[in-house]
Novice: 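Have a look at the structure that comes next, please.
Here is the naming used below: chain letters follow the sequence lines, and residue numbers restart at 1 for every chain.
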Amino acid sequence: MDLSKDKTELSEWAASGVPDLLPGTWINTNGASRGITRVVLTDRGGELAMRAYGDCDPSPCDWGEVTACFFPKEICFHEAMAFTAFYDFGFMESHLLAHVKLGVLVVAKFDRFKDGSGRSNYFSREFFYRLDA
Amino acid sequence: MKSVKHVKAEDAVEAPAAKSGEGSLDLSPLLGDWVNTNAASQGVARVVLTANGEKLIVRMFEASGSSRRDWGSVEADGVYAASVTSRLASAFSATYGLESKEARLLVNLSLGLLIVAICTTAGDAPKRPESFSREFYRRETGR
């Protein structure tokens, strides 16, 4: 990894924008998931926006839309692309790390509780397929 | 019993059960010397994880020709179990300040490997991406 890379990468990033394969609705491959059931990715003028939905009863919890930090292929080592997103719900924060591999969106969740409930902070990973692919 | 706040069902552990697990996580699954599975990697060659009391200390060594550049030690800012009720650490996050950049580490165990993702952004603009890498590490000595 060459941490000296800088402005050249940024201009490449600006030129490449959000690749076509990302925007759309992504559905959890595990229909019984109790975590994130659906992810909607949107190209907002060259920025990647993410909206996640958690499994809740009686209807999914809408986590709202956040701007992701997108890493295009030009600045990725060993990956075609990746992005991170961060949610702060007050009682819990969730740092998401995602990449696409073989048409599957892989989302790693780093969940941290801030409410003193005694629940363990925990890591989990879920897989999504694109609905309109 | 009243359920705790949640935004996904997997976190809806009943509060009394959750309370019984209060305390720090067992760091032992993470501790040790981890070596890049790709000996030709130009990224981080070695990760050393130690405990200082209940804190996880991270030290990274970058491959740099025949030598290794020491990134120094930082304390993990988050340690994560494998589930909401588990007490065994299986992931962590940490941040390095490197010159004008910030390297955010998101690291997890999987199938005996330590998977290290490094998201580097501009130090003065956290959402301006600089580089991303994800590499795999094995324990230097078998467990």
Side-chain angles (χ1 to χ4, degrees), chain A residues 1-6 9-10 13 33-37 47 52-57 60-63 67-73 75-79 81-84 86-87 89-97 99 108-113 115-125, chain B residues 4-13 15-23 25 38 41-44 62-63 78-88 90-93 98-101 103-104 106-110 115 117-122 126-135:
Chain A
M1 181 171 48
D2 180 2
L3 290 173
S4 66
K5 293 189 177 186
D6 48 27
E9 290 170 342
L10 293 178
W13 165 65
S33 169
R34 301 177 73 236
I36 294 174
T37 56
E47 287 195 321
Y53 294 84
D55 177 45
C56 289
D57 185 31
C61 288
D62 180 354
W63 288 19
T67 302
C69 183
F70 177 63
F71 297 84
K73 64 180 180 184
I75 58 171
C76 284
F77 298 81
H78 318 301
E79 301 283 351
M81 71 181 74
F83 64 90
T84 60
F86 180 76
Y87 282 95
F89 300 104
F91 73 95
M92 179 191 92
E93 57 188 32
S94 187
H95 201 143
L96 306 176
L97 169 64
H99 66 281
K109 312 193 299 268
F110 294 77
D111 292 337
R112 177 162 30 187
F113 295 98
D115 60 354
S117 63
R119 289 176 285 184
S120 293
N121 303 330
Y122 72 103
F123 166 84
S124 58
R125 206 161 49 139
Chain B
V4 289
K5 273 187 173 179
H6 64 277
V7 287
K8 46 189 167 66
E10 63 189 357
D11 301 338
V13 179
K19 289 279 187 196
S20 67
E22 221 159 337
L25 299 181
N38 175 14
S41 169
Q42 290 302 300
V44 170
E62 183 179 345
V79 180
Y80 305 83
S83 75
V84 73
T85 55
S86 170
R87 310 307 300 173
L88 285 175
S90 71
F92 69 89
S93 55
L98 298 169
E99 298 161 2
S100 62
K101 302 171 195 291
R104 179 75 176 153
L106 294 167
V107 180
N108 68 280
L109 286 175
S110 180
I115 303 177
I118 303 178
C119 310
T120 307
T121 54
K127 287 197 172 175
R128 199 170 77 199
E130 295 275 351
S131 69
F132 176 85
S133 71
R134 200 164 70 104
E135 294 190 281

Novice: What part of A/F110 gets within 4.5 angstrom of chain B, counting heavy atoms only: side chain, backbone, both, or neither?
Specialist: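 For A/F110, backbone and side chain are both near chain B.
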Novice: Looking at chain B, which one of A/P60, A/A82, A/G54, A/G35 has the largest number of heavy-atom pairs inside 4.5 Å, strictly under?
Specialist: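 Option with the greatest count: A/G35.
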Novice: Could you check, using the six-membered ring where one of them is a Trp, whether A/F83 and A/F70 have ring centers closer than 6.0 angstrom?
Specialist: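 Ring centres of A/F70 and A/F83 not closer than 6.0 Å.
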Novice: Compute whether any side-chain donor of one residue and acceptor of the other, for B/T85 and A/Y122, lie under 3.5 angstrom apart.
Specialist: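 No - no donor-acceptor pair under 3.5 Å links their side chains.
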Novice: What part of B/S110 lies closer than 4.5 angstrom to a heavy atom of chain A: side chain, backbone, both or neither?
Specialist: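 It is the side chain, since no backbone atom gets that close.
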Novice: Below 2.5 Å, is that where the SG pair of A/C56 and A/C61 sits?
Specialist: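 Their SG atoms fall under 2.5 Å; a disulfide, then.
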Novice: Report the option among A/W63, A/F89, A/F113 that has the most heavy-atom pairs separated by less than 4.5 Å from atoms of chain B.
Specialist: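 Winner by heavy-atom pair count: A/W63.
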Novice: Heavy-atom distances under 4.5 Å only: say whether A/D111 touches chain B with side chain, backbone, both or neither.
Specialist: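 Looking at A/D111, backbone and side chain both touch chain B.
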Novice: Are the side chain of A/T37 and the backbone of A/Y53 linked by a donor-acceptor contact shorter than 3.5 Å?
Specialist: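 Yes, A/T37 side chain to A/Y53 backbone: donor-acceptor pair under 3.5 Å.
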Novice: Please answer whether the main-chain N or O of A/L97 pairs with a side-chain N or O of A/H99 as donor and acceptor at a distance below 3.5 Å.
Specialist: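 No; judged by distance alone, with no hydrogens or angles, the pair does not exist.
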